[in-house]
Amino acid sequence: MATEQLTGLGPVEAFALVGALGVGSQWLAWRLKLPAIVLMLAAGLIVGPALGLLDPQRDIGDLVQPLISLAVAVILFEGGLTLDLHKLGDARKGVTRLVLIGAPLGWFLSTSALHWGAGLGWEAATVFGGIMVVTGPTVIAPLLRQAKLQKRPANLLQWEAIVNDPVGALAAVLAFEFVLVGREAESLPDALLQLGVGIAIAMAVGIAAGAAISYTFRRAYVPEYMKVPVLFATLLVTFAFPNMMLHESGLLAVTVMGLIIANADLPSFEELRRFKEHATVLLVSGVFILLAASMDFASLGQLTWRAGLFVALVILVARPVTVLVSLIGTGLPRNEKLLIALTGPRGVVLVAVAGLFGERLAANGVSDGAVVGPLAFVLVLTTVVLHGFTLAPLARRLGLASKGKPGVLILGGSRFTTALAQALKREEVPVLIADPNHARLVRPRAAGLPVFYGDILGEAAEDSLEVLSYATLIAATENDAYNTLVATDFGSEFGRDQVWQLARVKGERARHALPTQLGGRPFGAGKTYGELDELMRQGWKLSVTQLSEDYGFDQWKEDRPNAMLLGRMSADGVFKRFLPEDAELLFPARAEALIKDLPEDQRESAREALKRRRTELRVNTARGRMSPGVKLVALVPPEDQTSKRVE
């Protein structure tokens, strides 16, 4: 075959390919709204065993396993860093049960499925069964957003994944160490003593490292620009030192370290959160590509029909029994228990840790260790594909999906936001107006609109708001600084393109301009809070008009020559803002008028720039957004409200 003649890639080229494939798969999954793990596994299989372009052992060499070990350590640290116990909310009781009861029970049932279903020996089955406790937050989070689950079942699934991710890995570490120590020690007491000492050292190192980071960061002994490097260096030391005492106990240490830091309430935690998010995306991508590319079709060929029996036992027996028994007495409705019981996708930690421990088991004389990696691969691929395509329909069938169109969360109760919320509500778009000023909510509450009193950034909002029900945030209070703060904070949650903000007072001046990474996308036809409030006092109204073949955009403009277009609703009810660049193309007279208002020395360059933007392609693209079926949301002045077409 042609692939047999390939001499392979150099280490640099191999790393470049892994990075491109991993991050590219994550981006493509985001665009296609598919589980990223499926595309990463497919990409790794294609360039690895299918085409032979990438062979990690050949191209990278002996560094593959240490790199995967370090990546798993960072991923587990990320899991621990996510365990802020103050944010459990009303999911606390269910999550506690799923951890304290569900993890041991799931370990036992998974081990039994591996032994009786897949035919593994008890040693390999016990190690792999511990890993199978995890459900993987990197997999469940995008599935939850896609399925639009109601808050409580979504919280339970997400927090179970976050908490059990390190718990399952730790269970595997304990079982793995027990197997190794049991084989090396002369007696069972010696084995237990060696295991206990190793675990104690790992716990102590993790606690000490987490406490040291928390103390030095809080006391400002580390400058801001060095906090992430210091954190990363400490993480490496915390992982490496316990491993010198007990194999793989460093995984326990880094998880404990992350847990300590997560609950230390550090003022610089946001920088640490960004670090672990960025690092995890890169490492998850790299680990999946490397593991899939390292997969040998011959090893998959070793699997028999018992592998299918094992997967069926896990999905249909082990997972449902674990959840249903754990949630007895929690008071959760039957449908919520059923949804959680039938949802258990496995992710990167399972594949990475299983592959790592499988090879270590095989190297230490446990023959079944060679099939642990292929079994994990099959289980992850099956569960991700299954739940990726069935979670949303199952949630709808059980009545646990958020109903209706994607909602709009509006910050600030004013005349303008009240009118906007009323207009959206008439179109059956879920809306919520939030404001930390109780007096500002009098008007929207009198209009029968749902409101939230309090700071949208506070823990009370996080506990009580169905954030997954909203796809868009509009920051529109009278406080420009607060709008910018909220828009910046929610940018990572909603996506930058779905967080909008009113124009700031003097925001167009160079002295007051902010970096593009701060604040939200412009909304409100370039008007500030005060300007919009004055327009509403003068009698301007919110209009929602549906375009059709008989009534197009040109006719709409003719009927409303002075209207300010704010946004549009697509046929599926998604509210989208009106892009400022479209305004120059669709309202040429207004664009020319704005240029005339500029200083004389700036007019010529502004006209040239506008001319360059007015290409046929851009104009057609802008007009395409105003196609039949689209509903236009606009502010209409009193003189334009006499048209029969104004709604």
Side-chain angles (χ1 to χ4, degrees), residues 34-35 37-42 44-45 49 102-103 105-136 138-140 143 157 160-161 164-165 168-169 171-172 175 288 291-292 295-325 338-355 357-358 361 368-391 393-394:
L34 292 174
I37 185 174
V38 175
L39 297 184
M40 286 187 287
L41 290 175
L45 288 174
L105 181 58
W107 189 357
F108 170 74
L109 293 176
S110 298
T111 301
S112 301
L114 284 162
H115 180 69
W116 301 110
L120 295 186
W122 284 113
E123 289 179 321
T126 303
V127 175
F128 190 15
I131 308 170
M132 287 173 57
V133 170
V134 309
T135 51
T138 56
V139 177
I140 197 67
L143 294 184
L157 285 169
E160 180 205 11
N164 273 351
D165 211 32
F288 265 102
L291 289 174
M295 186 61 59
D296 185 0
F297 283 152
S299 65
L300 290 175
Q302 298 175 13
L303 301 179
T304 65
W305 61 270
R306 301 193 68 165
L309 176 61
F310 153 69
V311 172
L313 287 174
V314 170
I315 296 174
L316 301 177
V317 179
R319 172 66 180 177
V321 171
T322 297
V323 172
L324 295 177
V325 171
L338 189 59
L339 178 72
I340 297 168
L342 295 176
T343 306
R346 268 62 175 186
V348 63
V349 172
L350 178 69
V351 174
V353 178
F357 285 172
L361 287 171
D368 293 336
V371 297
V372 167
L375 279 175
F377 185 85
V378 171
L379 178 63
V380 167
L381 188 60
T382 302
T383 56
V384 168
V385 172
L386 175 66
H387 297 306
F389 292 103
T390 62
L391 180 57
L394 178 62

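For this chain, numbers begin at 1 and follow the sequence in order.
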Could you pull out the closest heavy-atom pair between [X] and [Y], with the gap in Å?
X: Val314; Y: Ala113; result: CG2-CB, 4.3 Å
X: Thr322; Y: Gly106; result: OG1-CA, 3.4 Å
X: Gly44; Y: Pro49; result: O-CD, 3.8 Å
X: Leu114; Y: Met132; result: CD1-SD, 3.8 Å

Kindly check if the number of other-residue, nucleotide or ligand heavy atoms within 6.0 Å of CH2 (Trp122) is above 12?
->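 More than 12 within 6.0 Å, yes.
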
Under 3.5 Å, sequence neighbours excluded: what are the donor-acceptor pairs made by side chains of residues 369-381?
none

Can you pull the salt bridge (charged side-chain N to carboxylate O under 4.0 Å, His left out) pairs that have at least one residue in residues 378-390, sequence neighbours excluded?
-> none

With sequence neighbours excluded, give me every salt bridge (charged side-chain N to carboxylate O under 4.0 Å, His left out) pair touching residues 302-323.
->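 For residues 302-323, and leaving out neighbouring residues, the salt bridge (charged side-chain N to carboxylate O under 4.0 Å, His left out) pairs sorted by first residue read Glu160-Arg319.
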
Tell me, please, which residues at least two apart from Leu391 pass side chain to side chain contact (heavy atoms under 4.5 Å, CB included).
->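 For Leu391, the residues satisfying side chain to side chain contact (heavy atoms under 4.5 Å, CB included) (neighbours in sequence not counted) are Leu143, Leu144, Ala147, Leu339, Thr343.
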
Return yes if some donor-acceptor pair links the side-chain N/O of His115 with the main-chain N/O of Leu120 below 3.5 Å, else return no.
->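 Side chain of His115 to backbone of Leu120, a donor-acceptor pair under 3.5 Å: yes, one is there.
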
Flag, side chain of Asp368 to backbone of Gly121, donor-acceptor distance under 3.5 Å | yes

Does some side-chain heavy atom of Val321 sit less than 4.5 Å from a side-chain heavy atom of Leu109?
->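 Touching, per the 4.5 Å side-chain cut-off.
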
Side chains of Arg346 and Ile131: closer than 4.5 Å at any heavy-atom pair?
->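 They are not in contact (no side-chain heavy atoms under 4.5 Å apart), so the answer is no.
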
Atom CG in Leu394, atom CG in Leu338: separation rounded to 0.5 Å?
->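 Going from CG on Leu394 over to CG on Leu338, the span is 6.5 Å.
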
Hey, could you give me each pair passing side-chain hydrogen bond (donor to acceptor under 3.5 Å, both in side chains) that has a residue in residues 377-386? Not counting sequence neighbours.
-> none

Should the ring pair Phe310 and Phe128 be called parallel, tilted or perpendicular, given that the plane angle runs from 0 to 90° and is split at 30 and 60?
->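 Taking Phe128 first and then Phe310, their aromatic rings sit tilted (interplane angle of 30° to 60°).
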
